[in-house]
Amino acid sequence: MSLYRTPSSSILKPFSSSYPLFSSAAGHYSDLTIETSVPFTAHKCETPSRSVHTSPNELLAFFRQMALMRRMEIAADSLYKAKLIRGFCHLYDGQEAVAVGMEAAITKKDAIITAYRDHCTFLRRGGTLLEALAELMGRQAGCSKGKGGSMHFYKKDAGFYGGHGIVGAQVPLGCGLAFAQKYSKDGTVTFVLYGDGAANQGQLFEALNISALWDLPVIFVCENNHYGMGTAEWRAAKSPAYYKRGDYVPGIKVDGMDALAVKQACKFAKEHALKNGPIILEMDTYRYHGHSMSDPGSTYRTRDEITGIRQERDPIDRIRKLLLSHEIATEKDLKDIEKEMRKEVDEAIAQAKESPMPDPTELFSNVYVNGFGAEAFGADRKEVMAVLP
């Protein structure tokens with residue numbers, strides 16, 4: 001059975017189109033209807049149907065995409081420990097179903113803006129492995145030319161607006177994107193992602209208020225991985241039912257470890273937002289790594305807890321079981337895909353290492369608008385340090 005092909009330049013191609021999927025087993029099914037792992041829970045709105053329409057090729061794509069994301073994040077862990085990645089680095093392994101399911105429900109004309117755990121969202125927006133890994137290593141081939149690093153991935157041509165390092169700061173910016181979409185009447189929406197750690201931020205409630213007043217086409221997505229840095233949600237939030245936090249704004253709680261449930265919820269939310277304005281999606285998910293690479297992730301939770309989630313709720317294993325139970329793929333087929341993903345990542349790392357660091361002359365580029373002139377002064381504001389074009 002042939003489940004994939006390997007283009008020689010695949011690491012340079014957008015993630016979403018690197019691999020046309022086909023298989024002989026997939027031909028047995030033109031369509032599948034699969035029930036979500038758990039029911040949706042709603043606040044002030046209807047719940048989406050638990051019956052999700054999918055196809056063998058979509059399930060294969062989900063498996064491939066999440067396997068590649070997982071492999072990239074594990075590789076980033078190693079690169080960080082080897083000091084090839086510097087500064088802050090927040091990994092997404094465990095949460096892949098959110099990025100994969102969301103993208104399956106929308107188009108590149110819709111906008112996504114997120115916080116600093118952004119590597120995998122960038123890939124699903126169409127970014128390449130080389131752009132991702134080069135950016136992590138601060139190289140010119142990176143998506144932000146090596147000057148953004150882990151927290152500041154960006155791909156405007158695919159509606160991905162970052163990558164933001166300040167907790168919660170992306171939320172009002174996302175509402176601004178939604179305001180522009182409503183003003184333009186182009187039938188698109190914005191997905192604003194934030195974590196449970198940012199859910200208590202005042203700016204979130206200000207953004208919810210203005211979005212509801214103006215019926216903005218915005219979906220607030222709380223990626224609840226249950227720990228804000230090292231603080232458990234129950235220690236930080238009097239009400240950890242984040243999908244209800246909008247009060248007058250409807251909300252839905254979603255199993256964020258089930259890619260099909262995420263897809264169904266995001267499709268429902270987009271339709272709702274275009275007709276009725278903002279809605280909250282709380283994605284019940286989990287991160288396997290610590291908050292960042294400086295956090296071992298085991299001082300505020302037990303290893304048994306992490307192992308239990310891996311065994312019972314892992315998003316990749318869920319799709320693996322569906323592929324096997326519906327005889328779409330064999331164990332060998334799926335292991336071959338995982339081996340190929342490892343090879344893809346290794347090749348991208350090798351190419352990223354060959355990319356040079358940004359030139360010092362680039363220090364002030366993309367900071368000021370060209371043509372308006374700008375002067376940089378010393379601390380005493382007497383001596384001009386540089387004059388920019």
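Keep in mind the model is a prediction, meaning the values are calculated, not measured. Computed from heavy atoms alone, side chains included, the values below leave out hydrogens, waters and symmetry copies.
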Set out, in order, the CA-CA distance, both residues' side-chain angles and the distance that settles side-chain contact (heavy atoms from CB on, under 4.5 Å) for Val192 and Thr114, then state yes or no. CA-CA 6 Å; Val192 179; Thr114 188; over 6 Å; no

When you look at Met283 and Asn224, which way does the side-chain contact (heavy atoms from CB on, under 4.5 Å) test go after all the steps? CA-CA 6 Å; Met283 301 292 180; Asn224 181 10; over 6 Å; no

Step-by-step side-chain contact (heavy atoms from CB on, under 4.5 Å) determination, Ile252 to Cys45: CA-CA 8 Å; Ile252 300 172; Cys45 66; 3.7 Å; yes

Evaluate the salt bridge (charged side-chain N to carboxylate O under 4.0 Å, His left out) criterion for residues Glu58 and Lys263: first the C-alpha distance (whole Å), next the side-chain angles of each, then the deciding distance (0.1 Å), finally the verdict. CA-CA 11 Å; Glu58 181 175 66; Lys263 169 191 166 184; 2.8 Å; yes

Met69 vs Asp93, side-chain contact (heavy atoms from CB on, under 4.5 Å): CA-CA, chis, key distance, verdict: CA-CA 7 Å; Met69 290 174 178; Asp93 49 319; over 6 Å; no

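Put simply, the side chain of Asp110 gets close to the backbone of Val189: a donor and an acceptor are under 3.5 Å apart. Side-chain atoms of Glu282 do not come within 3.5 Å of backbone N or O of Gly251 as any donor-acceptor pair.
The heavy-atom pair separating Ala259 from Ile319 by the smallest distance is CB-CD1, 4.5 Å. Smallest separation of non-hydrogen atoms from Glu73 and Cys120: CG-SG, 3.9 Å. Contact record, Pro358 with Gly138: CD-O, 3.1 Å, taken as the closest heavy-atom pair. Of all heavy-atom pairs spanning Gly87 and Tyr80, the tightest one is O-OH, 2.6 Å.
For Ser355 and Gln140, the side-chain atoms include no donor-acceptor pair closer than 3.5 Å. In this structure, a donor-acceptor pair under 3.5 Å is present between the side chains of Ser365 and Glu362. The closest side-chain donor-acceptor pair between Ser144 and His152, if any, does not fall under 3.5 angstrom. Side-chain contact, Asp295 with His289: no donor N or O sits under 3.5 Å from an acceptor N or O. Of the N and O atoms on the side chains of Gln264 and Thr36, not one donor lies less than 3.5 Å from an acceptor on the other residue. Residues Asp118 and Thr121 have side chains that never bring a donor and an acceptor to within less than 3.5 angstrom of each other. There is a side-chain donor-acceptor pair under 3.5 Å between Asp359 and Thr361.
In the hydrophobic clustering of this structure, Ile316 groups with Leu68; members are Ile, Leu, Val, Met, Phe, Trp, Tyr whose side-chain heavy atoms approach within less than 4.5 Å, directly or through other members. Linking Ile, Leu, Val, Met, Phe, Trp and Tyr residues whenever their side-chain heavy atoms come within less than 4.5 Å leaves Ile74 and Met293 in two separate clusters. Residues Leu260 and Leu324 share a hydrophobic cluster, clusters being chains of Ile/Leu/Val/Met/Phe/Trp/Tyr side chains in contact below 4.5 Å. Following chains of ILVMFWY side-chain contacts shorter than 4.5 Å, one cannot reach Met229 starting from Met151, and the two form parts of different hydrophobic clusters.
Applying the salt bridge (Lys or Arg N to Asp or Glu O under 4.0 Å) definition to pairs two or more places apart or across chains, none involves residues 204-223. Screening residues 193-205 for side chain to side chain donor-acceptor pair (under 3.5 Å), with sequence neighbours left out, gives Asn200-Arg245, Gln201-Gln203. Sorted by first and then second residue, the pairs that involve residues 251-260 and meet side chain to side chain donor-acceptor pair (under 3.5 Å), not counting sequence neighbours, are Ser37-Asp255, Ser37-Asp258, Asp255-Arg313, Asp255-Arg318.
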Tabulate below the donor-acceptor pairs under 3.5 Å that side-chain atoms of residues 97-105 make, not counting sequence neighbours, or state none.
unit_1	atom_1	unit_2	atom_2	d
Glu103	OE1	Arg125	NE	2.9
Glu103	OE1	Arg125	NH2	3.3
Glu103	OE2	Lys108	NZ	3.2
Glu103	OE2	Arg125	NH2	2.7

Let me have the donor-acceptor pairs involving side chains of residues 158-176, under 3.5 Å, with sequence neighbours excluded, atom names and distances please.
unit_1	atom_1	unit_2	atom_2	d
His164	NE2	Tyr161	O	2.9
Gln170	NE2	Leu193	O	2.8

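The OG1 atom of Thr54 lies 7.5 Å from the CG atom of Asp31; values are rounded to the nearest 0.5 Å.
Judged as a side-chain contact (heavy atoms from CB on, under 4.5 Å), and not counting sequence neighbours, Ser78 has no contacts. The side-chain contact (heavy atoms from CB on, under 4.5 Å) test applied to Ser184 returns Asp186, not counting sequence neighbours. Listed by chain and number, the residues in a ring-ring contact (aromatic ring centres under 6.0 Å, His included) with His90 are Tyr116, His291 (sequence neighbours excluded). Shown here are the side-chain contact (heavy atoms from CB on, under 4.5 Å) partners of Ala180, two or more places apart in sequence or in another chain: there are none. Lys332 pairs by the side-chain hydrogen bond (donor to acceptor under 3.5 Å, both in side chains) definition with Asp336, not counting sequence neighbours. Listed by chain and number, the residues in a ring-ring contact (aromatic ring centres under 6.0 Å, His included) with Phe153 are His119, Phe122 (sequence neighbours excluded).
Classification of Asp346 and Lys343 as a salt-bridged pair fails, no side-chain N sitting under 4.0 Å from a carboxylate O. Checked for salt-bridge contact, Arg342 and Glu347 miss the test: no charged N lies under 4.0 Å from a carboxylate O.
Met257 belongs to a hydrophobic cluster whose other members, connected by ILVMFWY side-chain contacts under 4.5 Å either directly or through intermediates, are Tyr227, Tyr286, Tyr288, Tyr300, Ile306, Ile309.
Other residues, nucleotides and ligands place no more than 12 heavy atoms under 6.0 Å from the NZ atom of Lys267. For CD of Glu35, the number of neighbouring non-hydrogen atoms (other residues, nucleotides, ligands) closer than 6.0 Å is greater than 12.
Each of Arg71, Arg70, Arg64 was scored for a salt bridge (charged side-chain N to carboxylate O under 4.0 Å, His left out) with Glu96, with one residue passing: Arg70.
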